[in-house]
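Numbers for residues simply follow the sequence, beginning at 1.
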Amino acid sequence: MSRALLVIDMQRAFDDLSFWGPTTNPECEANVAALAAQWTRAGEPIVVVHHDSTSPGSPLNPDEPGNALVDVVAAIEPALTVGKNVNSAFYGDPDLHAWLQAKEITELVICGIQTNMCVETTARMAGNLGYDVTVALDATRTFDLTTDVAGLGVVTRTADELMATTALDLQAGGFATIATTASLVD
């Protein structure tokens with residue numbers, strides 16, 4: 001086997017829009033389910049990654065109900081489950097890179113939440129580590145983002161803008177190829 005599907009942070013906490021704010025791509029979960037079904041049919045490995053926040057008030061804290069995986073991902077029988085508390089799945093436990101190398105996996109298809117955070121960071125690291133990376137953009141989603149940036153003032157981007165920027169950065173930067181779910185399933 002040389003290909004694996006990485007499903008990043010598909011957790012119930014991200015359904016709480018009162019915490020995260022406006023989102024985009026309501027088809028994300030259905031597209032993740034389609035990818036997982038394709039990988040299961042093909043007998044290819046699926047890696048499920050979950051974020052375990054160390055912040056006591058975070059809905060992603062392991063003590064909070066939002067830490068649970070969404071139903072379609074909870075139903076997956078993963079070849080590996082990785083817990084992390086930072087953006088990159090390569091800094092989780094167990095060691096994703098070591099597992100991929102032991103399985104001789106060279107190609108990764110990445111999906112999940114948040115497009116411009118954990119998905120993008122994992123894709124960038126995977127590209128830098130030499131993996132052939134594809135991001136199924138329509139199987140990701142994110143949220144509007146606003147912050148005060150030194151020298152720029154308050155910067156705001158919509159979830160749609162962030163998804164487009166991530167796609168541009170990953171593909172034009174040579175980290176990953178951007179694909180649609182339909183192009184990856186039979």
Engineer: Quick one: are Asp169 and Arg124 in side-chain contact, heavy atoms under 4.5 Å?
Structural biologist: yes

Engineer: Return each pair, listed once, that meets salt bridge (charged side-chain N to carboxylate O under 4.0 Å, His left out) where at least one residue sits in residues 60-71; pairs must be two or more places apart or across chains.
Structural biologist: Arg12-Asp71

Engineer: Would Asn61 and Asn67 count as having a side-chain donor-acceptor pair, cut-off 3.5 Å?
Structural biologist: no

Engineer: Which word best sums up how the rings of Trp20 and Phe14 line up, parallel for under 30°, tilted for 30 to 60°, or perpendicular for over 60°?
Structural biologist: tilted

Engineer: Near Phe175 CZ, under 6.0 Å, is it more than 12 heavy atoms from other residues, nucleotides or ligands?
Structural biologist: yes

Engineer: Please answer whether the main-chain N or O of Val86 pairs with a side-chain N or O of Lys84 as donor and acceptor at a distance below 3.5 Å.
Structural biologist: yes

Engineer: Grab the two heavy atoms, one from Phe90 and one from Thr122, that are nearest each other, plus how far apart they are.
Structural biologist: CE1-O, 3.6 Å

Engineer: Side chains of Asp9 and Val49, heavy atoms from C-beta outward: is any pair under 4.5 Å?
Structural biologist: yes

Engineer: Drop me the distance from Thr177's OG1 to Asp132's CG, to the nearest 0.5 angstrom.
Structural biologist: 6.5 Å

Engineer: Where is the tightest heavy-atom contact between Ile8 and Cys118, given as atom of each residue plus distance?
Structural biologist: CG2-CB, 3.7 Å

Engineer: Establish whether Val133 and Leu184 are linked, either directly or via other cluster members, by ILVMFWY side-chain heavy-atom contacts under 4.5 Å.
Structural biologist: no

Engineer: How long is the span from the CE atom in Met125 to the OG atom in Ser88, to the nearest 0.5 Å?
Structural biologist: 4.0 Å

Engineer: Is there a donor-acceptor contact under 3.5 Å from the side chain of Gln171 to the main chain of Ile178?
Structural biologist: yes

Engineer: Please walk me through it: do Tyr131 and His97 pass side-chain hydrogen bond (donor to acceptor under 3.5 Å, both in side chains)?
Structural biologist: CA-CA 10 Å; Tyr131 294 97; His97 183 54; 2.7 Å; yes

Engineer: Using a 3.5 Å cut-off and no angle test, enumerate the donor-acceptor pairs between side-chain atoms of residues 108-115 and protein atoms at least two apart in sequence or in another chain.
Structural biologist:
unit_1: Gln114; atom_1: OE1; unit_2: Thr142; atom_2: OG1; d: 3.1
unit_1: Thr115; atom_1: OG1; unit_2: Thr140; atom_2: OG1; d: 2.8
unit_1: Thr115; atom_1: OG1; unit_2: Arg141; atom_2: N; d: 3.2
unit_1: Thr115; atom_1: OG1; unit_2: Arg141; atom_2: O; d: 3.2

Engineer: Looking only at heavy atoms, which two atoms of Leu35 and Ala136 are closest? And how far apart?
Structural biologist: CD1-CB, 3.8 Å

Engineer: If you measure from CG on Leu96 to CG on Leu100, what distance do you get to the nearest 0.5 Å?
Structural biologist: 4.0 Å

Engineer: Distance-only, no hydrogens or angles: does the Thr166 side chain make a donor-acceptor pair with backbone N or O of Met163 under 3.5 Å?
Structural biologist: no

Engineer: Please assess Thr24 against Asp160 for the test side-chain hydrogen bond (donor to acceptor under 3.5 Å, both in side chains), listing each intermediate value before the final yes or no.
Structural biologist: CA-CA 6 Å; Thr24 190; Asp160 286 333; 2.4 Å; yes

Engineer: Give the minimum heavy-atom separation between Trp39 and Ala4, together with the two atoms involved.
Structural biologist: NE1-C, 3.6 Å

Engineer: Can you find a pair of side-chain heavy atoms, one from Val82 and one from Val48, that are under 4.5 Å apart?
Structural biologist: no

Engineer: Are Val185 and Leu6 co-members of a hydrophobic cluster defined by side-chain heavy atoms under 4.5 Å apart?
Structural biologist: no

Engineer: Suppose we screen for side chain to side chain contact (heavy atoms under 4.5 Å, CB included). Which residues come up paired with Ser53, at least two apart in sequence or across chains?
Structural biologist: His51, Ser55, Ser58, Leu60

Engineer: Report yes or no: do Leu137 and Met117 belong to one cluster of Ile/Leu/Val/Met/Phe/Trp/Tyr joined by side chain heavy-atom distances under 4.5 Å?
Structural biologist: no

Engineer: If you group Ile, Leu, Val, Met, Phe, Trp and Tyr by side-chain heavy-atom gaps below 4.5 Å, do Leu145 and Leu170 land in one group?
Structural biologist: no

Engineer: Pairs in or reaching into residues 24-35: which pass salt bridge (charged side-chain N to carboxylate O under 4.0 Å, His left out), with residues at least two apart or in two chains?
Structural biologist: none

Engineer: What's the spacing between Asp16 CG and Gln11 CD if we round to 0.5 Å?
Structural biologist: 13.5 Å

Engineer: Does the side-chain contact (heavy atoms from CB on, under 4.5 Å) test come out yes or no for Leu17 and Phe143, once each step is laid out?
Structural biologist: CA-CA 9 Å; Leu17 301 186; Phe143 306 88; 3.7 Å; yes

Engineer: Would you list the atom pairs, donor with acceptor, under 3.5 Å between side chains in residues 147-158 and any protein atom, with sequence neighbours excluded?
Structural biologist:
unit_1: Thr156; atom_1: OG1; unit_2: Thr146; atom_2: OG1; d: 3.0
unit_1: Thr158; atom_1: OG1; unit_2: Glu161; atom_2: N; d: 3.1
unit_1: Thr158; atom_1: OG1; unit_2: Glu161; atom_2: OE1; d: 3.4

Engineer: Quick one: side chain to side chain contact (heavy atoms under 4.5 Å, CB included) partners of Thr40, sequence neighbours excluded?
Structural biologist: Ile46

Engineer: Using atom types as modelled and distance alone, determine if a side-chain donor or acceptor of Asp138 lies under 3.5 Å from a backbone N or O of Thr181.
Structural biologist: yes

Engineer: Identify the heavy atoms of Gly83 and Asp52 that sit nearest to each other, and give their distance.
Structural biologist: CA-OD2, 4.1 Å

Engineer: Are Ile105 and Leu5 linked, directly or through intermediate hydrophobic residues, by side-chain heavy-atom contacts shorter than 4.5 Å (ILVMFWY only)?
Structural biologist: no

Engineer: Please report the closest heavy-atom contact between Thr23 and Ala159, naming both atoms and the distance.
Structural biologist: C-CB, 4.0 Å

